[in-house]
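Taking it in order: structure first as C-alpha cells, then the write-up.
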Amino acid sequence: MSIDPSSPISKSASRLAALSPQVKVAIMIGSDALLLPAAMFVAMALRLGSLETAFETAPFLQAGVALLTLPALGIAGLYRTVVRYIDLRVLVASSAALAAVVLAVSALAWAFEVPALPRSVLPIFWFIAFAYVVTSRFIARALLRRGMKQPGRHRMRTAIYGAGGAGAQLAQAMQISPDHSAVCFLDDRADLQRKIVAGLPVYPPSELDNAIARHEVEQIVLAIPSASSSQKRRLIERVETAGLPVKILPGLFDLVDGKAGVGDIREVNVADLLGRDPVPPDPALFSRNIAGKVVLVTGAGGSIGSELCRQIATQRPSKLVLLDHSEFALYTIDHELRESHADVPLAPCLGSANDEGLMRALLRTQKVQTIYHAAAYKHVPLVESNMQQGLRNNVFGSLTVARLALETGAETCVLISTDKAVRPTNVMGASKRAAELVFQAAALRSGGRTVFSMVRFGNVLGSSGSVVPLFKKQIEQGGPVTITHPDIIRYFMLIPEAAQLVLQAGAMARGGDVFVLEMGEPVRIAELARSMIHLSGLSERTAEDADGDIAIEYIGLRAGEKLYEELLIGESVIPSGHPRIMCARERHVEPALLDKMLESLRAACDANDPPAMLRQLRNLVPEYRSADEVNAEASASLAAR
C-alpha cells in the first residue's frame, strides 16, 4: 500500500521519526507522567461512581501513587527499549513492574489504614495503566515505522518461502525496511497453509503462480535456514520457474545475534544449486600431516593452493612455506594469512617448482616435512597452444618436487591432480596423468621414507577460468551466455571442501595411493546456465520465446575439450574409510622405464618439437586419445539413449 506523504499522519510520523533518541525518551516519560495519573483518576472514578468525587478524594495521593510507576517502568527497561522494535518481553516486564507497585501500595495502605485509597482501586488502576502502556507503545511503533519509510521509494514486493520462525521474523523486519515489503508466505506445511502469519497469508507452493499474480510479487526469498543443502536445492528448483529473482536468508542464528538483517539477504549462488551437504572433517586426519610441522604449498597463490594455505593455517603448523611464480598471487595470500593467522610463521618464496636449485635450497633450509604440490597450468586451451611450457611445468615441475622430496627426507608429498587426467583428450590432462605416474614411481623408489600420494577431483567453483563467474558477467551484460556444447557436463565441488578433503586424503596415504574425491552428480552446463538466468529474474530467449531476456549460444568445443569428465581410469576402486574419498588402483610404470620415457619427452621439449612432444606424451600416457574421437563416441552414446 502506498503512503501519502502529504497526509497529516505521514507528516507527523516523519517529524517524530526524525527526533533524537533522547527527545523521544523525554516525550515518552512526559506522556506517562501526565497520563498515568489520569489513569488513576479514571480508576477512582470507576470505583466511586463519579469523576467529581474522584477528583475530590486525595488527588495528590492518587497522583503520587501513579507517578511511583515511572521509576518502576524504567527499571523494567521500558524507557531503554527502541520503540520500533518493542516486543512482548518488554511489555511483560512492564506489566510486572506495574503489578509490583500496585502490590506495594496496597500493602502500605492496608498496614497504615488509609481510607482515602480503597483497596479495589489499585487493581483497576493496574488494568487501565497496562492497557495504556501497551496501546501507546504500539501506536508509537506504528508511527515511527511509518515515518522511517521514504515516500516515493519503491519497495520490492517479496514472497517469503517458509512461514516458520525465521520467515515470520523476516516479515516483521521488512515492515521497517526501506527496500523490501513482505506480501505473502509460501510453505509446505499443511498446518500453516491458508493461515495468517505475521499479518500475511500463507499459500501452498502449488499456488505459487496465483500468489505472484494476486500480490504482484517481484522476488522470492527462501527463509528456511535449517534446511540442508540438498533441501535448499529442491526448494530453488521449485521456485526458479516463476521467472522472479530468488534470494536466500542467512542463518537464523545470525539474525537472532544481530549479525545479519534484511540487508544481508543474498542471491542464490551456484553452491546452493549443487545441493551438497557438507561432511565435517575428521580432526585427527585433518591435522595429522600439519600440526607442529613445516608445510610447503606450491602454487600457493592459486585457487586450490590458496585455500589449502587457509585450511593448513588453522591446524597450527610450525611454519607454512608459500611458493608461487606470480608475485601478485604470492603477495595476496601472504598478506591475507598474516592478517588472519598472525600466530602462524610464514615463509613466502617467489619462484617456480621447476627450478631445481631453488627447490633444493628451499626444502633444505626450511626443513620441510609436508609438501602439497598444487602448482600447475590447468587451462585446457592455453596448455594446448603452449605445449612446451605446459609439459615443463606440469610434468617436470612434478618430477623436480618428487625427487627433491625424496632427497631431502620430506615425510609426506601430495600431488593435486584432476579428473582431466583420466583418459585425457588434451595436453593438460595428459600432463597431469604423467605427473601422477611420476609420483607413483617416486613412491616405489621411496620404500616408505617419503609417503607419496595423489588426489584427483573435478572442477571447483570459483577457480580461475571457471564458467560460473563468466556466466554471471554475461548475464549482467545482457547476454548472450556462451556454452561450448549443449550436452557438455562437468563435476563441481566447492574450493573449501576440496581443500579439506585433500588434506584428509593425504593423511590416509601409505605410499603411491591415488585418491579420488566423490564429486556428487555431474552438472549439465546448459542447465546450470538456465538456472542462473532464471534465478536472476530473467528468461531465456529461444526460438519459441523471442521476447526472452538472455540468449544461450553454443560456440563449439574448444581444442582438446571433451563432453564429459571421468574420475577413474579402471573399475578397481576401494573405500578409504571417508565417505567422500575413494582409493583407486591404477597402473603404474616401472621407475627405470619411466626415467627413459621422461628423458625422451624432455628432449622433445628442449627442441620445442610439438609432434615429438605429442608422440612421447602418448607413449607415456597410452590412454591419451583425440578429443574428436572421444566426443564422437560420447555423442553416439547419447543419441542411442
Side-chain angles (χ1 to χ4, degrees), residues 278 280-283 285-355 358-359 362-363 365-378 393 397-398 401 404-405 410-418 453-457 459-466 493-507 509 515 517:
D282 181 332
L285 286 176
F286 201 44
S287 63
R288 182 176 297 169
N289 293 334
I290 300 170
K293 298 181 183 293
V294 180
V295 182
L296 165 66
V297 178
T298 71
S303 305
I304 287 294
S306 60
E307 183 61 30
L308 282 171
C309 292
R310 295 183 192 101
Q311 302 279 352
I312 290 166
T314 66
Q315 300 303 303
R316 305 180 307 281
S318 63
K319 183 182 290 185
L320 178 54
V321 184
L322 315 172
L323 176 70
D324 204 288
H325 68 165
S326 166
E327 180 187 26
F328 178 73
L330 183 64
Y331 163 78
T332 301
I333 187 60
D334 178 63
H335 180 72
E336 177 188 331
L337 293 176
R338 290 186 189 279
E339 289 194 336
S340 61
H341 296 87
D343 57 328
V344 177
L346 299 177
C349 180
L350 188 62
S352 169
N354 201 24
D355 186 334
L358 172 69
M359 286 298 298
L362 185 64
L363 292 171
T365 57
Q366 299 293 345
K367 296 181 174 57
V368 173
Q369 296 164 280
T370 301
I371 303 170
Y372 294 98
H373 180 42
Y377 291 144
K378 304 182 183 75
N393 193 57
S398 299
V401 170
L404 294 177
E411 298 171 6
T412 305
C413 191
V414 181
L415 170 70
I416 312 304
S417 191
T418 170
S453 62
M454 297 127 273
V455 184
R456 187 188 292 161
F457 53 92
N459 300 276
V460 287
L461 290 174
S463 64
S464 57
S466 171
M493 178 179 283
L494 300 179
I495 293 178
E497 181 186 14
Q500 288 181 2
L501 292 175
V502 165
L503 299 181
Q504 293 174 87
F515 292 106
L517 303 189

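Remember, it's a predicted structure, so these values are computed and weren't measured experimentally.
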Original post:
With sequence neighbours left out, what residues match Arg338 under salt bridge (charged side-chain N to carboxylate O under 4.0 Å, His left out)?
Top reply: Asp334

**OP:** Look only at the side chain of Ser306 and the backbone of Ile333, and say whether a donor-acceptor pair between them is shorter than 3.5 Å.
**Re:** no

Original post:
Looking at NE2 of His335 and OG of Ser340, how far apart are the two atoms once the value is rounded to the nearest 0.5 Å?
Top reply: 10.0 Å

**OP:** Under the side chain to side chain contact (heavy atoms under 4.5 Å, CB included) rule, collect the residues that match up with Lys319, sequence neighbours excluded.
**Re:** Val294, Val321, Pro345, Ala347, Gln366

Original post:
Who passes salt bridge (charged side-chain N to carboxylate O under 4.0 Å, His left out) against Glu411, sequence neighbours left out?
Top reply: Lys293

Original post:
Which pair of heavy atoms, one from Val401 and one from Ala353, lies closest together, and at what distance?
Top reply: CG2-CB, 4.0 Å

Original post:
Can you name the closest pair of heavy atoms from Ile495 and Ser303 and give their distance?
Top reply: CG2-O, 3.7 Å

Subject >> Spacing of Asp282 atom CG and Ser287 atom OG [to the nearest 0.5 Å] >> reply: 8.5 Å

Original post:
How close do Leu323 and Leu362 get, heavy atom to heavy atom, and via which atoms?
Top reply: CD1-CD2, 4.4 Å

Subject >> Asn393 CG to Ser352 OG distance, which is reported to the nearest 0.5 Å >> reply: 5.5 Å

**OP:** Identify the two heavy atoms, one from Ala410 and one from Ile371, that lie closest to each other, and give their separation to 0.1 Å.
**Re:** CB-CD1, 4.1 Å

**OP:** Answer yes or no: is there a donor N or O on one side and an acceptor on the other, between the side chain of Asp324 and the main chain of Gly301, under 3.5 Å?
**Re:** yes

**OP:** Among Thr370, Leu296, Leu320, Leu337, find the residue that satisfies the side-chain contact (heavy atoms from CB on, under 4.5 Å) test when tested with Ile312.
**Re:** Leu320

Original post:
Run the side chain to side chain contact (heavy atoms under 4.5 Å, CB included) check on Val502 and Tyr372 step by step: do they pass?
Top reply: CA-CA 9 Å; Val502 165; Tyr372 294 98; 4.3 Å; yes

Subject >> Side-chain heavy-atom pair Pro281, Leu503 within 4.5 angstrom cut-off >> reply: no

Original post:
Parallel, tilted or perpendicular for Tyr331 and Phe328, by the 30°/60° rule?
Top reply: tilted

**OP:** Check for a donor-acceptor pair, side chain of Gln500 on one end and backbone N or O of Gln311 on the other, with a separation under 3.5 Å.
**Re:** no

Original post:
Taking atom CG of Leu308 and atom CG of Leu322, what is their separation to the nearest 0.5 Å?
Top reply: 11.5 Å

Subject >> Asn289 side chain vs Gly506 backbone, donor-acceptor pair below 3.5 Å >> reply: yes

**OP:** Report the distance from atom NE2 of His341 to atom CG of Leu346, rounding to the nearest 0.5 Å.
**Re:** 10.0 Å

Subject >> Rounded distance [0.5 Å steps], CG in Leu517 versus CD in Gln504 >> reply: 10.0 Å

Original post:
Which heavy atom in Leu415 sits nearest to a heavy atom in Ser398, and how many Å separate them?
Top reply: CD1-OG, 4.0 Å

Subject >> Pairs flagged by salt bridge (Lys or Arg N to Asp or Glu O under 4.0 Å) wherever residues 366-378 is involved - sequence neighbours left out >> reply: none

Original post:
Under the salt bridge (charged side-chain N to carboxylate O under 4.0 Å, His left out) test, which residues partner Arg310, sequence neighbours left out?
Top reply: Glu307, Glu336

Subject >> Counterpart residues, side chain to side chain contact (heavy atoms under 4.5 Å, CB included), relative to Ala509 (two or more places apart) >> reply: Val451, Ser453, Asp513, Phe515

**OP:** Would you name the heavy atoms of Asn354 and Gly397 that are closest together and state the gap between them?
**Re:** OD1-N, 3.4 Å

Original post:
Less than 4.5 Å apart, any side-chain heavy atom of Val455 and any of Leu501?
Top reply: no

Subject >> His373-Thr298 side chain donor-acceptor pair, cut-off 3.5 Å >> reply: yes

